[in-house]
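The block underneath contains the structure these notes are about, expressed in structure tokens.
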Amino acid sequence: MADEPLVLGIETSCDETGVGIVRGTTLLADAVASSVDTHARFGGVVPEIASRAHLEAMVPTIERALKTAGISAKDLDGIAVTAGPGLAGALLVGVSAAKAYAYALNKPLYGVNHLASHICVDQLEHGPLPEPTMALLVSGGHSSLLLAPDITADVRPMGATIDDAAGEAFDKIARVLDLGFPGGPVIDRLAREGDPNAIAFPRGLTGSRDPVYDFSFSGLKTAVARWIEAKRKAGEEVPVRDVAASFQEAVVDVLTRKAVRACKDEGVDHLMIGGGVAANSRLRALAQERCERAGIRLRVPRPGLCTDNGAMVAALGAEMVARNRPSSDLELSADSSLPVTEPHVPGEAHSHSHPHDHVHEVSRKNLYS
């Protein structure tokens, strides 16, 4: 509908330059420029390379999104940007661009939380989020269980990884198996041809005295690496497909088990799964199976909306506008460790003024740095 907020979202927390345009809960454009191939030869994301790639891709990606959506920048009701968490240098590129566009267009600016955006993106596929929403976010940097009574103002951490995130463990095991980077997609593919019960890898933090909702994948990663090393030392062939399947099963078993338990304990009858690892086919299948058994409705966005993208930032920005949340100041800065309890970064005045209303307070240094 024409009266719903029209918002452009910018995402640069890691190696994807994402620009999305959303009207209310309708996705109009989702443009992504990825630098993943550039990082592949290093076996992981190099922050400086990511930042430079964002600089080069930013304006062309914004222009592509505007063209796809069939709108002019002046039609926008707001600019949303990931303010954190993420790689500091990469975040700065996005935040600087968002501030420049907001200032030039005289539009309100919304600095939003990367994790809250991963939850909010599901609105673009399955409609408004139930309140509260229970969300399992799994990616290269995060493995979190979150309860969100209000995605724009109240997000509560239930559990998190105490060491490696799930996606990080996938990348490290892929490296040990010489499968390249990123590891998630290739392990998922190989695992389909392997036996998930071939090797009994450990399930971290599932003992009776362990934290109920927290995750740990470091011990699993070490156990898999040692198992592979022992095979190689013995001169035996490593059954790559069985290793991939058994490792993947250990990860998704723990993730889904804890997520379903959190839903039951909190009396929430649905579960949303987001983040890059939510694209994993086995995670989706096992979550569906366990949710159906427990009478829980599962919401998982399509794979393209699970990985980092601008659409998720625009979705949360549109929700901020719709709920009349305060915009951010042009002094907004990137925060690489922005806590999930802060879905967005309101301006100090907590006002709804447009950027030009306080332009005298903004120095050139603040605006473009």
Side-chain angles (χ1 to χ4, degrees), residues 9-14 16 18 45 47 80-96 98-99 109-122 129 131-168 205 211-217 255 258-259 262 266 268 272-278 306 308-309 312-317 319-320 323 325-329 331-350:
I10 297 172
E11 155 60 26
T12 62
S13 65
C14 194
E16 311 276 2
V45 176
V81 63
T82 300
L87 300 173
L91 288 168
L92 276 169
V93 178
V95 169
S96 299
K99 289 196 286 188
L109 173 70
Y110 296 88
V112 301
N113 191 292
H114 181 77
L115 299 180
S117 297
H118 267 305
I119 300 173
C120 199
V121 75
D122 192 57
L129 288 169
E131 293 184 338
T133 285
M134 182 69 73
L136 171 66
L137 293 189
V138 275
S139 67
H142 307 279
S143 294
S144 309
L145 260 176
L146 305 167
L147 183 67
D150 178 347
I151 195 59
T152 65
D154 186 6
V155 180
R156 306 170 189 176
M158 298 281 293
T161 181
I162 62 170
D163 42 54
D164 289 4
E168 197 177 358
L205 296 187
V212 178
Y213 304 127
D214 285 339
F215 304 101
S216 170
F217 297 108
L255 288 172
K258 295 200 173 206
E266 294 295 319
V268 177
M272 181 268 164
I273 303 182
V277 180
C306 291
D308 292 349
N309 60 80
M312 69 187 203
V313 179
L316 184 52
E319 198 63 28
M320 295 291 174
R323 298 196 188 199
R325 298 299 180 210
S327 58
S328 304
D329 293 333
E331 287 88 348
L332 174 72
S333 61
D335 182 351
S336 60
S337 56
L338 184 68
V340 71
T341 49
E342 296 179 28
H344 87 303
V345 184
E348 288 191 14
H350 288 260

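Nearest heavy atom pair, residue Leu332 against residue Lys99, reads O-NZ, 2.9 Å. Nearest heavy atoms, Leu91 versus Ala83: CD1-O, 3.9 Å. The two residues Leu316 and Ala116 make their nearest non-hydrogen contact at CD2-CB, 3.7 Å. In terms of heavy atoms, Ala165 sits closest to Thr161 at N-OG1, 4.0 Å. Considering every non-hydrogen atom in both Met158 and Ala262, the closest pair reads CE-CB, 4.4 Å.
With rounding to the nearest 0.5 Å, the separation of CD1 in Ile151 from CD1 in Ile119 is 4.0 Å. The OG atom of Ser117 lies 11.5 Å from the CD atom of Glu319; values are rounded to the nearest 0.5 Å. One distance of note links CD1 of Ile162 with OG of Ser216; it measures 4.5 Å at 0.5 Å rounding. Annotation: the span from Leu109 atom CG to Glu331 atom CD amounts to 10.5 Å, rounded to 0.5 Å. We find the NE2-CZ distance between His344 and Arg323 to be 12.0 Å, quoted to the nearest 0.5 Å. Between the OG1 atom of Thr82 and the CE atom of Met312 there is a distance of 5.0 Å, given to the nearest 0.5 Å.
Residues passing the side-chain contact (heavy atoms from CB on, under 4.5 Å) test with Ala88 are Ser336, sequence neighbours excluded. By the side chain to side chain donor-acceptor pair (under 3.5 Å) test, Asn113 is found to be paired with no residue, residues two or more places apart in sequence or in another chain being considered. With sequence neighbours excluded, the residues that form a side-chain contact (heavy atoms from CB on, under 4.5 Å) with Ala80 are Val7, Tyr110, Val313. For the side-chain contact (heavy atoms from CB on, under 4.5 Å) test, residues two or more places apart in sequence or in another chain that qualify with Ala166 are Val138, Ser143, Phe217, Val251, Leu255. Partners of Asp122 by side chain to side chain donor-acceptor pair (under 3.5 Å), not counting sequence neighbours, listed by chain and number: His126, Arg299. Judged as a side-chain contact (heavy atoms from CB on, under 4.5 Å), and not counting sequence neighbours, the contacts of Ser139 are His142.
His118 places no side-chain N or O within donor-acceptor distance of the main-chain N or O of Gly276, the cut-off being under 3.5 Å. For Lys258 (side chain) and Leu205 (main-chain N/O), a donor-acceptor pair under 3.5 Å exists by modelled atom type.
A donor-acceptor pair shorter than 3.5 Å can be found between the side chains of Glu11 and Ser13.
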(request) Take Glu266 and Leu145 through the side chain to side chain contact (heavy atoms under 4.5 Å, CB included) test and state the conclusion after the steps. (result) CA-CA 12 Å; Glu266 294 295 319; Leu145 260 176; over 6 Å; no
(request) With side chain to side chain contact (heavy atoms under 4.5 Å, CB included) as the test, would you mind laying out the steps for Val340 and Leu137 before giving the verdict? (result) CA-CA 11 Å; Val340 71; Leu137 293 189; 6.0 Å; no
